[in-house]
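This report refers to the structure that appears directly beneath it.
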Amino acid sequence: MNQREKEEYLREYAVLKSAGKPFFPYIIVKDGVMMIVVIGVIMLMSIMLGGELTAKADATTTTYAPRPEWYYFWAFELLRVIKPPYLVSLATVGIPTIAILLLILLPFYDRNPERHPLRRPVATTAGIFIMGAMFFLSYLGAEAGAPSQVEIGPPPAIAEAGGATMLKWDAGRKLVAQSSCGGCHKIGENGNDGPGPPLTEIGDRLKEGAIRETLINPTRPMPSFAQLGADNIDKMAFFLASLKSGGEGKGTTGGGAEGTGEESEGGSTPGQSPGG
Amino acid sequence: MSDRRPEQSKYTLDRGIPGAFEGETITRRRLMVFAANATAGVAIGGVVLAATGFAAGQPFVEVDTGWHDVGPLDEIPDDTYLPRVITLDPRTGQVGKSTIYVRRRNEAVDTEKPDKWNQIIAISSRCMHMGCPARYVQAAKNFVCPCHGGVYDFRGEVAAGPPVRPLDRFYTRVVDGRVQVGKRFSVNSQIERFSPRPPGQPLDGIGQYLYPSRPTQRKIPGT
Amino acid sequence: MAKKTPKLASAKEAGVHAVDFVDERTSISGTLRWVMFRPIPKGTNWFYTLGTATMVAFINQVITGIVLGMYYEPSTTRAYESMKYINNEVFLGEFVHGMHRWGSSVMVILIFLHMARTFFFGAYKYPRELNWVIGVALLVLTLLMSVTGYLLPFDQRAYWASVVAMNIAGNAPLIGPFTPDIALGGPDVTTLTLSRFYIIHMMLIPGAIIALIGAHLYLVVKLGTTAPPWVRADKVSADLKEHEG
């Protein structure tokens with residue numbers, strides 16, 4: 001902005017101001033209404049959501065999956081998607097520092113005298129893009145389940161069969177969760193995307209027998225799960241073979257969360273090594 | 001602009017300095033400005049320095065975590081880990097403790113040089129990405145972190161995900177057939193010992209210089 | 001009615017005297033007039049109440065925070081128990097705790113909305129650059145408040161979020177290893193950490209925030225509230241002429 005543009009703005013603003021109403025009481029009424037809305041929302045949230053506490057802090061846990069407050073989910077997801085170890089400091093201090101510097105210096109590098117959002121296409125697009133990216137990362141971060149759990153509902157065929165079939169399926173699901181398959185494979189919303197292939201729809205690609213064979217004699221670097229015993233391997237293969245595209249009841253995660261609930265609650269009993 | 005005063009006059013009044021009065025010289029003004037700043041600076045600085053030292057000094061006093069008994073030697077296997085809880089600070093309850101995983105040294109997998117501190121391998125459960133609680137899973141023989149996708153192999157080396165170095169370890173020794181666990185130390189990808197660093201700080205290449213060790217926690221010299 | 005008048009009149013007179021006494025010694029009435037009766041440009045809408053809304057959320061945090069501090073104990077062995085006590089025993093305990101906990105979320109949302117409004121309306125431009133910088137500083141301080149406040153209940157969520165947050169802060173090269181030590185008061189989260197975070201959360205950052213809000217508001221009053229960018233002076237003055245005519 002040069003001197004002429006500055007003076008032009010000040011003149012324009014003086015005209016607008018002279019046509020305005022006094023702050024008190026014409027404008028402040030709106031602010032007062034907004035105050036009531038804000039305090040009302042806070043009180044309502046407090047009544048509906050409460051001030052709940054989780055278990056007491058325990059440094060010895062090996063089962064607790066830490067998650068940040070929701071407005072840091074974008075940063076949490078950033079730490080998850082930036083995989084190469086030499087880029088970790090970029091995700092932790094690099095990007096946030098650059099973001100804050102860009103914010104602080106905004107009025108000094110944006111010298112465009114125009115103020116209307118539609119006449120500042122670059123700034124408006126950049127603003128919308130950054131907000132969109134933060135929303136998208138936050139969504140991914142909020143969705144990310146712990147790799148030590150599998151929160152997938154049974155496919156309709158198995159849910160209908162019930163009884164022994166359902167029990168076998170659920171036992172397989174728990175075994176898959178406890179055997180840290182999620183460490184290397186994505187399973188629904190749980191698990192890490194890599195280095196192994198996602199297992200969410202593994203049933204489309206491999207038959208139950210082939211899955212069983214892979215669990216016993218895998219290609220490196222996947223470890224062999226033979227020591228779990230043939231019976232457990234059967235259950236895991238049965239569960240994994242049921243994971244097909246379109247077939248699973250993704251919405252019904254209730255059973256899933258409940259099934260592995262005891263795992264995440266038992267914070268004070270460190271390191272049960274299941275199946276070992 | 002019209003009544004230009006001589007630039008080099010020694011009186012402040014002649015130079016149009018703010019707050020000038022009759023007879024005040026430049027040197028006198030400078031002395032008084034210096035004195036005003038210095039007196040306030042000394043007074044406030046004294047308090048600020050003392051307070052800063054008080055607040056930031058204590059964290060740099062070395063912490064001695066001592067040796068902790070984790071049970072008899074013959075209980076400890078060499079093909080899996082046993083979880084053990086050690087108490088680093090008895091005054092702070094559950095947060096003064098830490099879970100470690102112990103096993104016997106296994107020549108088939110452990111390639112680092114044997115010495116008197118690593119007959120028992122004691123591995124910290126803190127993920128070396130951001131410090132979340134990692135967990136050993138015997139079925140897959142690996143350590144899995146629940147936060148950002150870190151996975152470590154049987155030796156605690158990074159198998160997948162963003163962690164920057166293998167899981168931290170502890171010095172161990174055997175006294176009268178019982179295993180004791182001592183100080184924590186960090187390792188690089190060759191399992192060489194370094195003074196402990198917080199998670200997220202790489203030790204390979206220039207990492208150890210970019211992230212210097214602190215006086216609070218030191219490895220045993222010469223190890 | 002007529003009987004009451006002398007009493008009322010004398011009471012009113014006393015009030016006027018008191019106000020005059022203060023005003024004679026402080027000249028505050030001029031300042032108040034300057035603040036309260038400053039003209040606000042035509043066309044301001046509900047987006048312009050977001051700043052007040054943020055401040056109200058902050059005032060809510062101050063008030064609920066002060067009363068929570070009356071029951072809270074910043075010690076590793078007692079903090080969680082005192083929070084349980086607040087939740088379960090104290091009259092209105094969970095309500096006030098919830099207001100503080102969710103008030104922080106509301107405050108963060110409002111800050112983001114307020115910043116988005118300022119950004120898209122171009123309100124950070126001349127002559128209000130400095131106010132934008134102060135605003136960003138307030139955002140950073142608010143996020144620091146949320147980091148330090150998150151540890152205080154000392155439950156699992158609080159503890160592990162703080163561990164991760166401190167390790168993130170420790171990731172800066174060279175100074176990195178020392179920042180967690182200074183922030184935590186040692187290599188790990190201990191009682192020292194809790195009392196540190198408590199005093200930072202209760203005094204240090206709130207003091208800075210209040211001072212910066214003061215500066216922010218002073219600049220808002222001095223420079224004036226912006227008009228929406230689509231309100232143009234030529235139109236407004238044309239309206240003015242019509243009105244006068």
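Just so we're on the same page: letters track the sequence lines, and every chain starts at 1.
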(Q) At under 4.5 Å between heavy atoms, what parts of residues 69-84 of chain A are in contact with chain B? List them by residue number. (A) A/Phe76, A/Leu79, A/Arg80, A/Ile82, A/Lys83
Q: Can you tell which part of B/Val164 gets under 4.5 Å to a heavy atom of chain A, answering side chain, backbone, both or neither?
A: both
Q: Would you check if B/Val102 and B/Ile121 make a side-chain contact, meaning some heavy-atom pair closer than 4.5 Å?
A: no
Q) More than 12 heavy atoms of other residues, nucleotides or ligands under 6.0 Å from CZ of B/Arg91: is that the case? A) no
Q: Sort B/Asn142 into side chain, backbone, both or neither according to what part of it lies under 4.5 angstrom from a heavy atom of chain A.
A: side chain
Q. Does any heavy atom of chain A fall under 4.5 Å from the side chain of B/Pro163, the backbone, both, or neither of them?
A. backbone
Q: Evaluate the ring planes of B/Phe154 and B/Tyr81, with Trp represented by its six-membered ring, and classify them as parallel (under 30°), tilted (30 to 60°) or perpendicular (over 60°).
A: tilted
**Q.** Side-chain heavy atoms of B/Glu157 within contact of B/Ile191, under 4.5 Å
**A.** yes
Q: Let me know if B/Tyr211 has heavy atoms under 4.5 Å from chain A in its side chain, its backbone, both or neither.
A: side chain
**Q.** Residue pair B/Lys113 / B/Glu192, side-chain heavy-atom distance below 4.5 Å
**A.** no
Q) Does B/Tyr171 have its ring centroid less than 6.0 Å away from the ring centroid of B/Phe185? A) yes
Q: Tell me, yes or no, whether the heavy-atom count around B/Asp176 atom CG, taken from other residues, nucleotides or ligands under 6.0 Å, exceeds 12.
A: no
**Q.** Residue A/Lys6 excluded, over 12 heavy atoms near NZ under 6.0 Å
**A.** yes
Q. Measuring heavy-atom distances to chain B, does A/Ser224 have an atom under 4.5 Å in its side chain, in its backbone, in both, or in neither?
A. backbone
Q: In a single word, yes or no, tell whether B/Cys147 and B/Cys132 have an SG-SG distance below 2.5 angstrom.
A: yes
Q: Could you tell me which portion of B/Ala140 (side chain, backbone, both or neither) has an atom closer than 4.5 angstrom to a non-hydrogen atom of chain A?
A: both
Q.
Only pairs of heavy atoms separated by less than 4.5 Å count here; which of B/Gln201, B/Lys141, B/His129 has the most with chain A?
A. B/His129
(Q) At a 4.5 Å cut-off on heavy atoms, which part of B/Arg165 comes close to chain A: side chain, backbone, both, or neither? (A) neither
Q: Name the orientation class of the two ring planes belonging to B/Tyr136 and B/Phe143 (parallel below 30°, tilted from 30 to 60°, perpendicular beyond 60°).
A: tilted
